[in-house]
There are 4 protein chains.
Amino acid sequence: MSNIFGKDFKIMCFGESHGRCIGVVIDGCPAGLKLAEKDIQEELDKRKPGQSRIASQRKEEDEVEIISGVFRGFTTGAPICLLVFNKDVKSESYEKFKDLLRPGHADFTSFIKYGGFNDYRGGGRFSGRITAGFVMAGAVAKKLLNLLKIEILAHTVEIGGIKAKKLSIDEIRKNIYKNEVRCADLGAAKKMIEAIERARKEGDSLGGIIEGIVLNAPIGLGEPVFDTLDGEISKALFSIPGVKGVEFGSGFSGAELMGSQNNDLFLIKRGKITTKTNNAGGILGGLSNGMPLVVRVAIKPTPSIAKSQMTVNIKKMKQEELKVVGRHDPCIAPRAVPVVEAMLAITICDFVIRARFIPRALK
Amino acid sequence: MSNIFGKDFKIMCFGESHGRCIGVVIDGCPAGLKLAEKDIQEELDKRKPGQSRIASQRKEEDEVEIISGVFRGFTTGAPICLLVFNKDVKSESYEKFKDLLRPGHADFTSFIKYGGFNDYRGGGRFSGRITAGFVMAGAVAKKLLNLLKIEILAHTVEIGGIKAKKLSIDEIRKNIYKNEVRCADLGAAKKMIEAIERARKEGDSLGGIIEGIVLNAPIGLGEPVFDTLDGEISKALFSIPGVKGVEFGSGFSGAELMGSQNNDLFLIKRGKITTKTNNAGGILGGLSNGMPLVVRVAIKPTPSIAKSQMTVNIKKMKQEELKVVGRHDPCIAPRAVPVVEAMLAITICDFVIRARFIPRALK
Amino acid sequence: MSNIFGKDFKIMCFGESHGRCIGVVIDGCPAGLKLAEKDIQEELDKRKPGQSRIASQRKEEDEVEIISGVFRGFTTGAPICLLVFNKDVKSESYEKFKDLLRPGHADFTSFIKYGGFNDYRGGGRFSGRITAGFVMAGAVAKKLLNLLKIEILAHTVEIGGIKAKKLSIDEIRKNIYKNEVRCADLGAAKKMIEAIERARKEGDSLGGIIEGIVLNAPIGLGEPVFDTLDGEISKALFSIPGVKGVEFGSGFSGAELMGSQNNDLFLIKRGKITTKTNNAGGILGGLSNGMPLVVRVAIKPTPSIAKSQMTVNIKKMKQEELKVVGRHDPCIAPRAVPVVEAMLAITICDFVIRARFIPRALK
Amino acid sequence: MSNIFGKDFKIMCFGESHGRCIGVVIDGCPAGLKLAEKDIQEELDKRKPGQSRIASQRKEEDEVEIISGVFRGFTTGAPICLLVFNKDVKSESYEKFKDLLRPGHADFTSFIKYGGFNDYRGGGRFSGRITAGFVMAGAVAKKLLNLLKIEILAHTVEIGGIKAKKLSIDEIRKNIYKNEVRCADLGAAKKMIEAIERARKEGDSLGGIIEGIVLNAPIGLGEPVFDTLDGEISKALFSIPGVKGVEFGSGFSGAELMGSQNNDLFLIKRGKITTKTNNAGGILGGLSNGMPLVVRVAIKPTPSIAKSQMTVNIKKMKQEELKVVGRHDPCIAPRAVPVVEAMLAITICDFVIRARFIPRALK
C-alpha cells in the first residue's frame, strides 16, 4: 500500500472502516498557522452521513482530535496528527457474507493482493470511510489557501442523468450546501433527491458527476512535464473510492470541437492577461493560467445495493447469491462533494508550497 | 519542473523541440534484458511525423542511440540513457511571433513560470516533441512486459465526433496500424481521414479520443490508497500534451447508470474468478482485477491553427492578431496513439516491479 | 520538516516530548505478519528511562497501542499506527528558561527555522523522546527481519574515553543487556558506570560510541550509486539526536592503513565466497557483501548539564547564565543503543523489501 | 540501482567507466542562471587524472557538452543534461581478470546483484569515474550558491597518517590547489606526496581524510527529523566510492569530551547570535546554525594495488592470485577533493531550494 500523498505538503492516511480510528498525519505544514479542532470539525461535519433520508443511516459522530503539531493554537512546523475514533460500528453483518465478493467493491482484488489478511469489515482500508482522513487534511490545506485568498468549491452537477444547469460562481457558492445533494441548481436538486429516493426504494443506486473549482490560484502552479497540475489533481481524485473519470475544462466534449472553437483567445482585461473562454479549465501545459480551474469527476453508482446479485464465494470457489444488507448511501456523490474539495485543496496546497507562494505571514 | 516519473522503474526526460536532442534516462530497469537500438527504433517510428498527408510535414528522422546501461546486448542494471538528436529543425518562424501568446499553448504559463527564460522555439520543453522521450522509455517497458505476456494496445476511437464502432480485441490488434489515424474500424477511419483533410484545408484542427488497453496484467497491480493504478495511469496520461480527460471502463457514462447496471458480477470461468461485464475497466479499489484494463483519453484539437486568432503580445502588453504558420498536425490524436501506449507501458511496468512480478528470467 | 523515512517500508513519525503523544505510522509492511502490542512493548522497554541510577529520573511508562493496520493478530497490508501517550510530563521548568538557548540543543536553530512557533518544552520535536517512535517502528522491522533470520545488534563500545575490548558476536549478544550501559565487556561496563556517576555528581555529562551489527543480511542489499546501503544507514543514524559521526568497518582508522592492509581478501569457505578480514564492515560498492555489517556511531556528551553555562536570551538579545535543571541522562549512549538497533532494522528492512527478499511466508 | 539524488535540485547520473560516456541530468535548477560549458569545465578539470606523477596515468580529456536546458546562455527551468564522452579507454586489461574478484572493489557484490550482467570493465557503474557526473552537477550547484554568497571548500587533512595542521579558512582557501594533494598545509603536503610516491613504488596505496567546509549558509537548512542536514550530507558523501566514515565538528573525538567541553556556548557578536566554539560543526538538531559547516570524510586506501593478492575466480569458484595492472591512483583522496566539494554543493543547493532561500535574481 502507499498511503502518502504530496511532496511538500505531505499527508499520510491510516485507519479502517471498522477499526479503532481514521487518522491522518500532515508533514510539511508551515509553522504559524492558527489551527483548532473546530476548523477541522466544520469540514468533517460536511461529509457526515445520517444527515438526511437519502444518505446512509449509519451515525458517524466523528469528533476530531489534534494529537500533535499544534502548540498554543498554532502549528509548529512539526507533523500534525488528526484522529477520529470510530463509533457506531456494526461489524456483525460483514461476518455473514465475508467470503462473498461484493460486485463493484475491492473485496476480490484486496483479498488477492493481501493474501486474505485484509480487514474485510466494511471494506476495511478500501471503505469510503477513509475519506474522513482526506477531509481532515483538506481542512488544514484550506486554511492555508485561505491566507492566499485561494478558494476551493465543489458541487454536484449531475445525478442519475439529471443535469444541473450552468450557474455563476456566486450562485454556486451560495447554494451548494442548501440541499442534501449539494447541487446549486435548486430545481435540479429537487429532482435528484426524488431520483435517489426512487432508487433506494428499488434497492438500487445512482451515480453522479461532481464539479470542482479553484478560484484565484496564482499563475504557474504545476511542475511539468510529469508533475503537471492536471496530472496530480487527477491522481488525487482517483484516490476517492468510486471515481471513474476526470476531465478538465471542455474535457471529453472538447475532443469533438474544432481548434478554432476550443482555443481560448488571450485578452488584456484591466491590465492583466486573461482568456475569453475557459475551455482549458484553467490549465495550459500542466500549469495554472489564472482562470478558474474547473474539473469534473465521474462517480459510479454505489456498488452496495439491496437487490440480489450473483457473485462468487471465494473460499468455496462457487457462485452464490448476495443481498447486501447494511446502511448504505444510494448515491455517494453528495457525500463525495466535500471530499473532492479536500483533495483539490491538498493538491493545490502542495503545489503552492512547491512553487513557494507561501503566505507571507508564515514565512 | 519535475521530469521524473515512476518509483521503481523511473524515467527522467529531457530535451527541447528545437534544442540539440530529446533524451530519457531509465533508472531501475532490471539487469539481463536483451535490448538493442532497433527495439526502440520500431516504437519511435510509430510516432514519426511526415508519414502521410494528414500529419505534420516536418521530417523527424529520429534515430535512437543507447549511450549507457547496455553491455553486450543486455541491460546491466545501470541507468539506460537513450538519445535522439534533433534534425530538420526550423526555428526562424518562431522568432517572428515569439512574443505572441499562441492560444491553447503553454506560451503564457511557461513565460510567467520561468520568468521569460524558457526556450519558446516550437514550445521548447512543452512541445509534443518531448513525447519521443516517452516512447523510447515505453519501448523498454514493453520489452519487459512482454516477458510477462502483458500486452499494451492503444487505438483511436473518435476523431472530430466520428466514432469507431466497438470491435473485438483481435480486430483492434490487427487493424490499428493499417491506417494513418490508427483506428481499427476501417470504415470510420476513412471518414476520420476525410474530416482531418477538411479541417486542414480550412486552417482548422480536430480533437479525438484514444482508448488504451492492457491485457493479461496480474491481479493486484496498484498501491492504494494514493498510488492507485487508475490514479497513476491518469497522472501519466495527463503528461501527454493535449490530454484533457481520462476515464476508465464505463467512466462518465457509467455515472448515468444504476448500480445494478454498472456492477460487474463475479463469475467462475475455467476455475478462475472473472466478471461478467467490464464496466470497471479492469480496476477495483485502485487495483487491477484481471480483466482487460480499459482507459479512454480525450485529446483536444491541435491548438496550432492557420486561421487568424486574436491574442496578446506579452512584451508590448497589447492585443495582436496571430496566424500560426509552420508544419502542424491538424489532429494529433493519431500520433498520440503510440504515446498513450508508451505511458501505459511505463506505468504498468513500474507497478509490476513494485509488486514484484519481475520476469523470473531477470531475477 | 520531513518526518518520513524509507522507500518501501516507510515510517512517518510524529509527536513531541511534552505533547500528548509520540507516534509512528508504518506504510508498506507486508500483510500476514503476526504482530501484537507486546512485540513492540518489549523493544520500547529497552529505551525506557528511569531504569537505573545513571539514567534520567523521568518515568516514562510508555505503553504502546496499535490503532490501525492489524486485524485478528496479523498485519493487513494497511498502514500501522502505533501510539504512546505521554505521561509524567513536567513542563513548568521549561517555561522559566524558554528564552534561554540551551547550548548544544536545537533551541536556536528551531526557533529561527519555525519563527518561534516551535514547541520548546523539552525540546519539542527535537527531543530524544521522539526516538520512542523509531523504536516502535524498529520493533516491527525486526519481526520481519527475524523471518529471514537477519539479526540486528547494538552495543556500547566506548563511554567517556573508556573502551570496551573486542569481543565475539556470541559474547556481545549474551552480555548487551546485562548492565545499564549496554556494554558487553563487563569490566569496561563497570568503569563506564563509575565514570557516568562521577560526571553526574560534577553536573557534567559524557559521550560515547555505539557499534551496530547486522548479521546474515543477504548479499546485494543497497541501491547504488546514491541509495547505497552505507549512505542510507548513515542518514538513518544521523536522525538520532546527538549523533555526530558514522563509520563502517575500519572507518577513519582504515584511512591510515595501506591498501594491502585494508583490502579484505576473498576466500572460498564451505563452498561460499567470503572475505578473510572485514575492514569493509560488510559493504562493498554500497552493497552488502554477506559479511557482518559493522557500523560505529559517535554520540556526543549530553548537552543538558547542571553546570552553569553562558548563553543568550533570544527575546532580550542579551547574554545570560543558564543552569539546566531537570531530569537528564548524564550519558545518553546507553539509551541510544536500542535506537541504533531500531534505525538499523528499519533501513535494512526497507532494502530487503526493495530488493524483494520478502519472507516467503508473507508473499 | 538508484541514480537519483535530491528532492528539489535533483540529479540523475548515468554512464560507465568504459562505456560511451558519463552524464548527468539536473532537474529543478531555477530558470535564469547564466551557465556555459566553461563553468562546468573548470570544475571538471580539477578532478582530471594524469595531472601529476602521483595520480593515474590515464588521460581523461573530459570535455563537457550541455545538451539540454540552456537557451542563449541561461538556464530555462528545463532539465539540464551534461555529457562527457569517454576517450582513452583501454578495456583489454579487464578482460583478462574479469572473473577474478578484485579485493576492496564492488566486483563481487555487483556480480551477485546484477546476475553477472554488470559491465565489469573498469568497475563499470561502480568506478570512481562516475564522480565526473557528480562534479558536473556540483558545478551548477556552486554557481547557484555563489549568488547567495555560500562558499564550498574541501581540502586534504590527512594522507597515510600524515596530518595537516589546523589552518585558518583564508589559508585553506588560498592553498588548496597549490599542490597535487590539495593540502593547504604546504609542509604536510610535501610529506604526503613523498608517502604516496613511496607507496606507488611498493605497489601499494594510501588512504586519507578530506575536510569539507560550507561558509555562509543561512540558518535553518535541513528538514528534521529524517532529512537532517547532516544525514543528507553523509548520504551524499557515502555515494563517493571509497568513503568509509563521515563526522561533523568534533565528531568521534567529541565522544571523548565532557558536555561542558563539547557544548558550544552562545554569544552575541555584532548584534548576531553565534557560538564561541564550533564543536557542532555548524549543525544543531539537524539544522545549520550559521557557523561554518565542517565535515570530515574518511577515504580508504585505493583497493587497486600492484601487489599480488589472493582472491577468488567467480566463474571457476576457486582461489587464484591477482595482480591488478592498469593505471590507478595510489591515493584517491586528492582527486576526491573536488568530488567532496561537488556533493556538498549539491546537497546544500537542494536544501537551499527546499527552504526557499532562492537567489532573488532567479525568482
Side-chain angles (χ1 to χ4, degrees), chain C residues 1-3 5 101 103-104 106 109-110 112-113 126 161 204-205 207-209 219-220 223-228 230-231 234-235 238-239 244-248 251-252 254-260 262-266 268 273 284-285 287 289 298-303 305 307 309-312, chain D residues 1-3 5 101 103-104 106 109-110 112-113 126 161 204-205 207-209 219-220 223-228 230-231 234-235 238-239 244-248 251-252 254-260 262-266 268 273 284-285 287 289 298-303 305 307 309-312:
Chain C
M1 280 203 137
S2 186
N3 293 277
F5 183 80
L101 305 174
T109 49
S110 61
I112 299 295
K113 175 100 176 170
F126 290 85
D204 216 326
S205 65
I209 297 176
I219 299 169
E223 297 296 332
V225 300
F226 290 122
D227 298 355
T228 58
D230 28 2
S234 73
K235 181 180 158 174
F238 275 111
S239 66
K244 295 304 281 186
V246 169
E247 61 177 6
F248 294 85
F252 278 90
E256 302 191 351
L257 299 177
M258 308 210 70
S260 59
N262 193 59
N263 278 352
D264 300 310
L265 302 186
F266 287 105
I268 298 181
I273 296 170
L284 279 175
L287 296 166
N289 70 357
I299 311 272
K300 72 177 182 185
T302 319
I305 55 175
K307 271 190 177 162
Q309 298 175 90
M310 213 48 201
T311 189
V312 166
Chain D
M1 280 203 135
S2 187
N3 293 277
F5 183 80
L101 305 174
T109 49
S110 61
I112 298 295
K113 176 98 176 173
F126 290 85
D204 216 325
S205 65
I209 298 176
I219 299 170
E223 298 297 331
V225 301
F226 291 122
D227 297 355
T228 58
D230 27 4
S234 73
K235 181 181 158 174
F238 275 111
S239 66
K244 295 304 281 186
V246 169
E247 61 176 6
F248 294 85
F252 278 90
E256 302 191 351
L257 299 178
M258 308 210 70
S260 59
N262 193 59
N263 278 351
D264 302 309
L265 301 186
F266 286 105
I268 298 180
I273 295 170
L284 279 174
L287 296 165
N289 70 357
I299 311 272
K300 72 177 183 185
T302 320
I305 56 174
K307 271 190 177 161
Q309 297 176 89
M310 212 50 200
T311 190
V312 166

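Worth knowing before you read on, the calculation uses all heavy atoms, side chains too, and leaves out hydrogens, waters and symmetry mates. Numbers restart at 1 for each chain; the letters A, B, ... are given by sequence-line order, proteins then strands.
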Hey, are the side chains of [X] and [Y] touching, using non-hydrogen atoms and a 4.5 Å cut-off?
X        : Y        : answer
D:Val246 : C:Val246 : no
D:Val225 : C:Phe126 : no
D:Gln309 : C:Asn263 : yes

Checklist entry - What residue in C:Ile273, C:Asn289, C:Thr302 has the most heavy-atom pairs under 4.5 Å with chain D? => result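 Highest number of pairs under 4.5 Å: C:Ile273.
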Next on the checklist: As an exercise: rank C:Lys307, C:Lys244, C:Met310 by heavy-atom pairs under 4.5 Å with chain D and give me the winner.
Outcome noted: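 Most heavy-atom pairs within the cutoff with chain D belong to C:Lys244.
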Of all the heavy-atom pairs spanning [X] and [Y], show the shortest one and how long it is.
X        : Y        : result
D:Asn262 : C:Pro301 : CB-CG, 3.6 Å
C:Phe226 : D:Lys235 : O-CE, 3.3 Å
D:Glu223 : C:Lys113 : OE2-NZ, 2.8 Å
C:Ala298 : D:Gly251 : CB-O, 3.9 Å

Select, from [options], the one with the greatest count of heavy-atom pairs under 4.5 Å involving chain C.
options                                : result
D:Ser260, D:Gly207, D:Gly161, D:Ala106 : D:Ser260
D:Pro224, D:Gly285, D:Pro303           : D:Pro224
D:Ser205, D:Gly220, D:Gly254           : D:Ser205
D:Ile268, D:Thr311, D:Leu257           : D:Ile268
D:Ala255, D:Ser239, D:Gly231, D:Ser2   : D:Ser2

Quick one: pull up [atom1] in [X] and [atom2] in [Y] and give me the separation to the nearest 0.5 Å.
X        : Y        : atom1 : atom2 : result
C:Glu256 : D:Ile209 : CD    : CD1   : 6.0 Å
D:Ile219 : C:Ser110 : CD1   : OG    : 12.0 Å
C:Leu101 : D:Leu265 : CG    : CG    : 11.5 Å
D:Met258 : C:Lys300 : CE    : NZ    : 15.5 Å

So which part of [X] gets closer than 4.5 Å to some heavy atom of chain C, the side chain, the backbone, both or neither?
X        : answer
D:Ile112 : side chain
D:Asp264 : backbone
D:Thr228 : side chain
D:Ile305 : side chain

Next on the checklist: Would the distance check show the side chain of C:Thr109 and the main-chain N or O of D:Leu284 forming a donor-acceptor pair, the cut-off being under 3.5 Å?
Outcome noted: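 At least one qualifying donor-acceptor pair exists.
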Next on the checklist: Please check: side-chain N/O of C:Asp204 versus main-chain N/O of D:Gly259, any donor-acceptor pairing under 3.5 Å?
Outcome noted: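 Looks like yes, one N/O pair under 3.5 Å.
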Next on the checklist: Can you classify the ring geometry of C:Phe248 versus D:Phe238 as parallel (below 30°), tilted (30 to 60°) or perpendicular (above 60°)?
Outcome noted: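 Rings of C:Phe248 and D:Phe238: perpendicular, as their planes differ by over 60°.
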